[in-house]
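A quick write-up on the structure given underneath.
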Amino acid sequence: MNIQNTLESAIKKGIKSIYNVDVPKIEFQDTRKDFEGDITMVVFSLLKYIKGNPFEIATKLGEYLQENTDQVTHYNVVKGFLNIVISNDYYFNSFNDILNIKNFGFKNVAKNEKAVMVEYSSPNTNKPLHLGHIRNNLLGYSVSEIIAASGKKVYKTQIINDRGIHICKSMLAWEKFGNGETPESTGLKGDKLVGNYYVKFDQEYKKEIEQLVADGKDIGEAKKNAPILLEAKEMLLKWEAGDKQVVALWKKMNHWVYNGFDISYKDLGVDFDINYYESNTYLLGKDVVADGLKKGVFYKKEDGSVWIDLTDEGLDEKIVLRADGTAVYITQDIGTAIQRIKDYPDIGGMVYTVGNEQDYHFKVLFLILKKLGFSWFENLHHLSYGMVDLPEGKMKSREGTVVDADDLMVEMTNTAREISQELGKLEAYTTPEKEKLYKTIGLGALKYYILKVDPKKRILFNPKESIDFNGNTGPFIQYTYARIQSILRKADFDYTNTISDIEIHPKEKALIKQIQNFPLVIQQAAQNLSPALIANYTYDLVKDYNSFYQSVPILGSENKNEKIFRTQISKKVGDTIKLAFSLLGIDVPERM
RNA sequence: GGCCCCGUGGCGCAACUGAAUAGCGCAUCAGAUUUCGGCUCUGAGGGUUACAGGUUUGAAUCCUGUCGGGGUCACCA
């Protein structure tokens, strides 16, 4: 029970006894530095229920609290703000209550809570992962961890786009120009090898168009009729017909890609519980459309195509099935959503981590599922995020301006190595341990940098200059953690027993308050699908700790109990940093 | 053009979903530290929260309009 809840029920009781009124909610905020107090109640919001002068109301409630609660020692009133001072005993008690709770702030999965499926990454199998995927992966993974810590079961999933004309393009190019190259023969990661052939196709295709135009063909015609494109289309037909050779090639090359992705995912520190493949799901949804037609949710046009009218909701009409009966993108998404609920009946909602260019698509998708009558539609969320832009302009894979995910991770690690070699305290480390550490720091910087900002905002990413190691950054927080560990290593006394008979320092108070807040922050972050809340919380905690560290001696304290208490606080802060960072997918080092 | 998102000190970000004098980091300037890791801490300067109205006891936050940036309006995925 944190202080806010305790006070809230006490104040409600007070209001009941003084004014005989029930109020639903009491508002609190942190007391501003310039006033005395630990927590502040905002009286203004009560004026709806209680007629009167805010100052008087605050004073009466302050008096009531002082007399009727153990925790409130005194109070002061400024305008409509009741500043409440909390007793030292309360801080000791509440800190001692949580001192030995492992994973403080994390809630166990509640039985009656429905599970959540979080989809993220969802790559194409013809291109390696790039910077955009990194933001997607970090967000999706972190949100999954946060929801899990908030007390819900989570299924992490990705849907792999493994079929279609674009896949045939890289297959065809490999067949024509590959000379039997494999990841083993070239030493390339599988996704990189296949990606190269996707580029190769595009080059050949452009050449053929130029040739055709030079021969006097119209440019539009040339684009449609370039021989290599026709061949790719033919290949797609063969694939759909189940042609043995094409399917075998498709399987072989996709495997290369999956092996490549696995390496990238592992480096990035993300994982999945379930994979869905478009080759299995692209036919889903058609029967749902037939069903919806019967129910009158959809309607058929003269040419046989099926549509939904969303003009009443301020959107357009949207096609859900082509005239030839084949599915479009959204048909598949409808089918897949329903399929997932069938596969995992304990799911009560889903989170789709997809870029904001698909905002409209998901609006439509959710609306359709609502109209089809699925009750879980209201627990569908599109975790939409802004583009990651480069200083030079937009990322385009064809023009080679993409930042490759693997390259970026290596670059971050290199930067961390350079800095650590100058400043690190790593004498005790072996070379492999050092390498692991550089990666921890480099990726910590990258992850924190991306996750601390509101997902909706665009990020301008300058690989060379953007990543700072000072200030509000991952490494700064990691550094504080490492320093705490250094203190704990040196603490050669028993600090497991609880302490309560010393003077409590304001900086210690601030830290206890901050730690107590952690469970609430997790719940808020889960509700808002916002890793940024966790990142900012951790930073605030670390700043409070550094301030504490600077103001009071810990191991150097003369008073034995003080020494123990401060060590305990340090330990708890360290634990909390570690837990919070685990929610962001960031490791913390023992030394750096 | 319709719809959606964004606009906060020079730069990068906050503000618990409407509350006190809008916080923090980088950069700049001035200090602190016999001690536990000098990648730390304390302080100063720097803001009409893009602009104009409105609602409210109270607005960066809600509403309307304008401007600027981005996205989206495919029988592509």
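Residue numbers begin at 1 in each chain, while the letters A, B, ... track the order of the sequences.
Among the heavy atoms of the strands lying under 4.0 Å from A:Tyr539 are primed sugar atoms or P, OP1, OP2 only; no base atom is included. Within 4.0 Å of A:Val552, counting heavy atoms only, lies at least one base atom of the nucleic acid. As judged by a 4.0 angstrom heavy-atom cut-off over every strand, A:Ala482 is placed among the base-contacting residues. Looking at heavy-atom distances under 4.0 Å, A:Arg483 makes contact with a base. At the heavy-atom level, A:Asp324 lies nowhere under 4.0 Å from the strands shown. A:Ile487 comes within 4.0 angstrom of sugar-phosphate atoms only, judged by non-hydrogen atoms across all strands, and of no base. Within 4.0 Å of A:Ser45, counting heavy atoms only, lies at least one base atom of the nucleic acid. Here A:Phe476 lies in heavy-atom contact (under 4.0 Å) with sugar-phosphate atoms only. Residue-level contact check: A:Gln332 touches neither bases nor backbone, having no heavy atom under 4.0 Å from any strand. Within 4.0 Å (heavy atoms only), A:Asp544 reaches no atom of the nucleic acid at all.
Among the nucleotides B:G69, B:C76, B:C36, the one closest to the side chain of A:Arg458 is B:G69. Out of B:C3, B:G38, B:G71, the shortest distance to the side chain of A:Lys363 is found at B:C3. The A:Thr40 side chain lies nearest to B:A20 when the options are B:U42, B:A77, B:A20. In the set B:G25, B:C75, B:U57, B:C75 carries the atom at the smallest distance from any side-chain atom of A:Arg322. Listed nucleotides: B:C36, B:A19, B:C13. Nearest to the side chain of A:Val453: B:C13. Closest contact between the side chain of A:Gln29 and the listed nucleotides B:C16, B:G25, B:G70 involves B:C16. Across B:C73, B:G71, B:C75, the shortest atom-to-atom separation from the side chain of A:Glu357 is found for B:G71. In this structure, the nucleotide among B:C24, B:A19, B:C41 sitting nearest to the side chain of A:Gln550 is B:C41. The side chain of A:Lys79 sits closest to B:A20 out of B:C73, B:C75, B:A20.
Neither OP1 nor OP2 of B:G7 sits under 4.0 Å from any side-chain N or O of A:Lys456. For B:U40, neither phosphate oxygen OP1 nor OP2 lies less than 4.0 angstrom from any side-chain nitrogen or oxygen of A:Asn546. The shortest distance between the side-chain N/O atoms of A:Arg163 and the OP1/OP2 oxygens of B:C76 is not below 4.0 Å. In this structure, A:Lys457 reaches the B:A14 phosphate: one of its side-chain N or O atoms is under 4.0 Å from OP1 or OP2. At the phosphate of B:G23, OP1 or OP2 sits under 4.0 Å from a side-chain N or O atom of A:Arg32. In terms of phosphate contacts, A:Ser547 brings no side-chain nitrogen or oxygen within less than 4.0 Å of OP1 or OP2 of B:C41.
One atom, OH of A:Tyr360, and another, P of B:G2, lie 15 Å apart when rounded to the nearest Å. Between the OH atom of A:Tyr329 and the P atom of B:C73 there is a distance of 12 Å, rounded to whole Å. Rounded to whole angstrom, the span from the CE atom of A:Met592 across to the P atom of B:U40 amounts to 11 Å.
Between A:Phe362 and A:His381, a ring centre-to-centre spacing not shorter than 6.0 Å is recorded.
Salt bridge present: A:Arg163 and A:Glu240 bring a charged side-chain N and a carboxylate O closer than 4.0 Å. Ion pairing between a basic and an acidic side chain is recognised when a charged N comes within 4.0 Å of a carboxylate O; A:Asp359 and A:Lys363 show no such pairing.
Heavy-atom distances to RNA chain B give each of A:His166 and A:Leu47 a nearest nucleotide, and the one nearer the 5′ end belongs to A:Leu47.
With a glycosidic angle no more than 90° from 0, B:U17 adopts the syn conformation.
Applying the ring-ring contact (aromatic ring centres under 6.0 Å, His included) rule to A:His166 yields no partners; only residues at least two apart in sequence or on another chain are considered.
The aromatic rings of A:Tyr448 and A:Phe581 sit tilted, their planes meeting at an angle between 30° and 60°.
As the counterpart of B:U40, B:A32 is assigned, both hydrogen-bonding distances of the Watson-Crick or G-U wobble pattern falling under 3.5 Å.
Within the 4.5 Å cutoff, side-chain heavy atoms of A:Ile487 are placed close to those of A:Tyr549.
For the atom pair A:Leu138 CG and A:Tyr385 OH, the distance stands at 10.5 Å (nearest 0.5 Å).
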